[in-house]
Amino acid sequence: MFKLWIAICGSVLVLGLAFSSSKVQANTKYSVFCADGKIEADSRTLDQMKSARGSNVCLLKEFDYSSDADNYAQSIGGKGSACSCN
């Protein structure tokens, strides 16, 4: 009986972790930034990018999927291309 109880608790724990991990991933946004005059696509927030790159960062557009952010970055010149925060 004790082993059954341990197995049930373990299963509940694993399922809880699986659902919480998918929820975190579902909230991830992918953004295209202009950072220090160059186009970048990243999953960081604007505040995180400003912390990493300094105040010369602006958000150009935000997406739910990494591929959409990459495609948008490509459509406006590609990663590393010149940009400005106006």
Side-chain angles (χ1 to χ4, degrees):
M1 182 71 174
F2 182 71
K3 288 182 182 180
L4 177 62
W5 177 250
I6 295 293
I8 290 172
C9 288
S11 297
V12 168
L13 180 63
V14 168
L15 287 173
L17 289 174
F19 283 115
S20 66
S21 295
S22 64
K23 188 174 184 179
V24 169
Q25 290 175 349
N27 291 333
T28 301
K29 296 290 183 182
Y30 300 91
S31 303
V32 178
F33 298 97
C34 181
D36 297 322
K38 295 186 180 188
I39 296 172
E40 289 191 35
D42 204 295
S43 61
R44 290 181 270 190
T45 65
L46 179 58
D47 288 338
Q48 291 169 334
M49 285 295 286
K50 284 184 175 185
S51 176
R53 301 277 195 272
S55 62
N56 192 20
V57 176
C58 60
L59 175 67
L60 300 178
K61 202 162 183 183
E62 189 174 68
F63 300 90
D64 291 325
Y65 301 101
S66 176
S67 59
D68 291 340
D70 290 340
N71 289 339
Y72 178 74
Q74 187 64 35
S75 75
I76 60 172
K79 296 177 187 176
S81 295
C83 60
S84 64
C85 294
N86 290 337

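Remember, it's a predicted structure, so these values are computed and weren't measured experimentally. In what follows, every heavy atom counts, from backbone to side chain, and hydrogens, waters and symmetry copies are set aside.
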*Value rounded to 0.5 Å, distance of CE in Met49 from CZ in Phe33*: 5.0 Å
*Rounded to the nearest 0.5 Å, how far does CG of Asp42 lie from NZ of Lys29?*
15.5 Å
_Can you confirm whether Lys79 sits close enough to Gln74 that some side-chain heavy atom of one is under 4.5 Å from a side-chain heavy atom of the other?_
no
*Taking atom CG of Asp70 and atom OG of Ser75, what is their separation to the nearest 0.5 Å?*
11.0 Å
*What pair of heavy atoms forms the shortest contact from Ser31 to Leu59, and how long is it?*
CB-CD1, 3.4 Å
*Do Lys38 and Asp36 sit within salt-bridge range, that is, some charged N less than 4.0 Å from a carboxylate O?*
no
_With rounding to the nearest 0.5 angstrom, report the CD1 to OG distance, Ile76 to Ser81._
8.0 Å
*Are Cys85 and Cys34 close enough that their SG atoms are less than 2.5 Å apart?*
no
_Within the structure provided, determine whether Leu60 and Cys58 are in side-chain contact (heavy-atom separation under 4.5 Å)._
yes
*Between Phe63 and Tyr72, is the gap from one ring center to the other below 6.0 Å?*
yes
*Under a 4.5 Å cut-off applied to non-hydrogen side-chain atoms, are Arg53 and Arg44 in contact?*
yes
*Determine the minimum heavy-atom distance between Ala69 and Val32, stating which atoms define it.*
O-CG2, 3.3 Å
